[in-house]
Amino acid sequence: MIHHLIAITLALIIDQLIGDPPWLPHPVRGFGKLIAFFEKKFNHGPNRMAKGTLMVFLVLLITGALSFTVVLFSYQLNEWLGVAIEGLFISTTIAVKGLREAGISVLKPLENQQLELAREKLSWIVGRDTEQLDESEIVRGAVETVAENTSDGITAPLFYALIGGAPLALLYRAVNTCDSMVGYKNDRYLLFGRASARLDDVMNFLPSRITGLIMVLLNPTTMKISKNEAFSVLFRDARKHPSPNSGWGEAAVAGLLGVQLGGVNTYKGKVSNRAKMGNGHYPLKASHISQTITIMERTTFFFYILLLIIGGAVYGISRAWS
């Protein structure tokens with residue numbers, strides 16, 4: 001486990017330095033091509049649920065076999081080469097820098113009163129329609145994205161990296177990509193994507209809740225908002241989200257900032273009414289995006305410290321018993 005901790009530390013450094021540059025081959029793009037290939041082959045005719053389950057199994061089998069082989073071979077060559085390869089692989093599963101830049105890309109046009117540009121930038125990071133959104137709704141979209149993806153895009157892969165190193169972190173990212181591509185409740189994916197959605201729910205259950213608790217516990221609240229109120233919002237509203245896990249990050253941020261998230265979204269012209277989260281003491285404004293980014297960064301840091309404590313304790317106990 002000590003090697004995993006060193007690799008996680010290296011991964012966070014790599015992510016901060018280079019993020020996900022388009023010129024660097026990225027596993028998620030590979031996952032996407034693999035999923036698209038199997039979806040085209042399997043998603044037709046009868047037994048679509050079974051075919052969708054087979055797709056997830058094949059994607060995970062290929063991902064696990066390749067990543068485990070490369071990591072194992074690297075460690076056999078040299079211990080520190082193995083740590084370096086693991087760190088590089090884990091860095092591709094997290095997106096601290098990318099999430100920060102996504103939020104800032106929406107924030108900057110808002111600060112310059114460029115609503116059209118802000119809507120365009122938001123459309124790059126959300127699935128909802130953005131063409132008619134006013135400033136507060138643009139802010140809501142950016143805040144919800146950063147809040148939700150703090151778990152999916154950072155803490156959850158780090159959680160699995162501690163347990164199983166780069167291979168397990170990559171398996172988590174593969175499941176997450178399957179869900180993002182086929183886990184929709186529409187005619188095309190309702191049956192085919194069910195296994196992907198259910199497995200993603202299972203894998204995110206613990207990380208999302210730990211993340212929400214760390215958010216509220218270790219981030220300062222906005223003026224006039226008490227910790228008790230923030231925790232009340234978290235436990236009251238997290239379960240209102242359509243996803244059993246995504247609501248934990250959003251409810252935590254809503255409680256900390258004293259704002260209200262959720263409401264009406266449209267997706268390709270179809271209206272979706274989302275439950276509202278938070279008590280709404282303050283109207284949403286551009287500065288809430290930067291505050292959410294700060295919450296994301298502080299949560300990442302304290303989650304990393306928690307991993308160090310757990311990993312160090314397990315390592316110490318194992319050495320004492322050896």
Taking every non-hydrogen atom, the tightest pair across Met55 and Val182: CE-CG2, 4.1 Å

Donor-acceptor pair, Asn204 side chain versus Asp200 backbone, under 3.5 Å? yes

Does Glu111 form a salt bridge (charged side-chain N to carboxylate O under 4.0 Å, His left out) with Lys285? I'd like the steps, not just the answer. CA-CA 10 Å; Glu111 291 177 334; Lys285 54 186 180 181; over 6 Å; no

Check whether Thr266 reaches the backbone of Lys270 with its side chain - one donor and one acceptor, N or O, closer than 3.5 Å. no

Spell out, yes or no, whether Leu81 and Leu72 are grouped together once hydrophobic residues are joined by side-chain heavy atoms under 4.5 Å, including indirect joins. no

Please determine which of Met203, Arg173, His4 meets the side-chain contact (heavy atoms from CB on, under 4.5 Å) test together with Tyr160. Met203

Run the numbers on Val175 and Cys178 for side-chain contact (heavy atoms from CB on, under 4.5 Å), then give the verdict. CA-CA 5 Å; Val175 170; Cys178 284; 5.6 Å; no

Within 45° of the axis and under 6.0 Å from the centre of the six-membered ring of Phe205, does NZ or CZ of Arg209 qualify? yes

When you measure from the side chain of Asp129 to the backbone of Gly269, do you find a donor-acceptor pair of N or O atoms at a distance under 3.5 Å? yes

Quick one: CE on Met215 to OG1 on Thr299, what's the gap to the nearest 0.5 Å? 4.5 Å

To the nearest 0.5 Å, how far apart are OG1 in Thr53 and CZ in Arg198? 11.0 Å

Under 3.5 Å, is there a donor-acceptor pair between the Gln260 and His281 side chains? no

Kindly compute the distance separating CG (Leu12) from NZ (Lys97), expressed to the nearest 0.5 Å. 14.0 Å

Hey, are the side chains of Thr300 and Phe303 touching, using non-hydrogen atoms and a 4.5 Å cut-off? no

What closest approach, in Å, do Gly82 and Tyr75 show between heavy atoms, and which atom pair accounts for it? C-CZ, 3.6 Å

Apply the side-chain contact (heavy atoms from CB on, under 4.5 Å) test between Met296 and each candidate in Thr155, Asn149, Asn219, Val146; give the one that qualifies. Val146

Does either side chain, that of Gln16 or that of Arg100, offer a donor lying less than 3.5 Å from an acceptor on the other one? yes

Taking atom CG of Leu261 and atom NZ of Lys240, what is their separation to the nearest 0.5 Å? 11.5 Å

With a 6.0 Å cut-off on the ring centroids, do His288 and Tyr282 count as close? no

Could you check whether any side-chain heavy atom of Glu135 comes within less than 4.5 Å of a side-chain heavy atom of Arg119, counting everything from C-beta outward? no

Could you walk me through whether Leu162 and Ile310 satisfy the side-chain contact (heavy atoms from CB on, under 4.5 Å) test, starting with their C-alpha distance in whole Å, then the side-chain angles of each, then the deciding distance to 0.1 Å, before giving a yes or no? CA-CA 9 Å; Leu162 177 68; Ile310 294 172; 4.2 Å; yes

Starting from the C-alpha separation in whole Å, work towards a yes-or-no answer on side-chain contact (heavy atoms from CB on, under 4.5 Å) for Ile214 and Arg298. CA-CA 9 Å; Ile214 288 177; Arg298 285 176 58 89; over 6 Å; no

Are any non-hydrogen side-chain atoms of Val28 and Thr92 less than 4.5 angstrom apart? no

Pairwise distance OG(Ser67) to CG(Leu171) - rounded to 0.5 angstrom: 5.5 Å

Quick check against the 3.5 Å criterion: does Asn43 have a side-chain atom that pairs as donor or acceptor with the backbone of Arg188? yes

Is the backbone of Pro242 close enough, under 3.5 Å, to the side chain of Ser246 for a donor and an acceptor to pair up by distance? no

Cut-off 3.5 Å, side chains only: do Thr9 and Tyr304 have a donor facing an acceptor? yes

If we only count heavy atoms from C-beta on, is the Thr93 to Tyr172 side-chain gap below 4.5 Å? no

Single-linkage hydrophobic cluster Phe73~Trp80, side-chain heavy atoms < 4.5 angstrom: yes

Heavy atoms of Ala118 and Pro109 approach each other most closely as N-CB, 3.7 Å

Donor-acceptor contact below 3.5 Å, side chain Thr63 vs main chain Leu60: no

Do we see a donor-acceptor contact under 3.5 Å between the side chains of Ser136 and Asp134? yes

Who are the side-chain contact (heavy atoms from CB on, under 4.5 Å) partners of Leu34, not counting sequence neighbours? Phe38, Val59, Ile62

Which atom of Val83 lies closest to which atom of Leu10, heavy atoms considered: O-CD2, 4.1 Å

Indicate yes or no for a side-chain donor-acceptor contact from Asn112 to the backbone of Gln114 under 3.5 Å, with no hydrogens or angles considered. no

Shared hydrophobic cluster for Ile8 and Phe68 (ILVMFWY, side-chain gaps under 4.5 Å): no

Can you tell if the side chain of Thr130 reaches within under 4.5 Å of the side chain of Lys121, non-hydrogen atoms only? no

Between Ile104 and Glu101, is a side-chain contact (heavy atoms from CB on, under 4.5 Å) present by the stated rule, with each step listed? CA-CA 5 Å; Ile104 292 173; Glu101 290 176 346; 5.6 Å; no

Would you mind reporting whether Asn265 and Arg140 have side-chain heavy atoms less than 4.5 Å apart? yes

Is there a continuous path of hydrophobic side-chain contacts, each under 4.5 Å between heavy atoms, that joins Leu191 to Ile35? no

4.5 Å side-chain heavy-atom contact, Ser74 and Glu86: no

N/O donor-acceptor pair under 3.5 Å between Asn245 side chain and Ser208 backbone: no

Linking I/L/V/M/F/W/Y whenever their side-chain heavy atoms sit closer than 4.5 Å, directly or via other members, would Tyr267 and Val271 fall into one cluster? no

Are Glu229 and Lys224 within salt-bridge range, i.e. N to O under 4.0 Å? no

Is the shortest side-chain heavy-atom distance between Met49 and Phe192 below 4.5 Å? no

Can you say whether the rings of Phe235 and Trp248 are parallel (under 30°), tilted (30 to 60°) or perpendicular (over 60°)? perpendicular

With rounding to the nearest 0.5 Å, note down the distance linking CD in Gln132 to CD in Glu137. 12.5 Å

For Asn273, I'd like to know if atom CG has over 12 heavy atoms of other residues, nucleotides or ligands within 6.0 Å. yes

Contact summary for Ala252 and Val216, nearest pair of heavy atoms: CB-CG2, 3.7 Å

Classify the ring geometry between Tyr189 and Tyr184 as parallel (under 30°), tilted (30 to 60°) or perpendicular (over 60°). tilted

Looking at Ala254 and Gly278, what are the two nearest heavy atoms and their distance? CB-CA, 4.0 Å

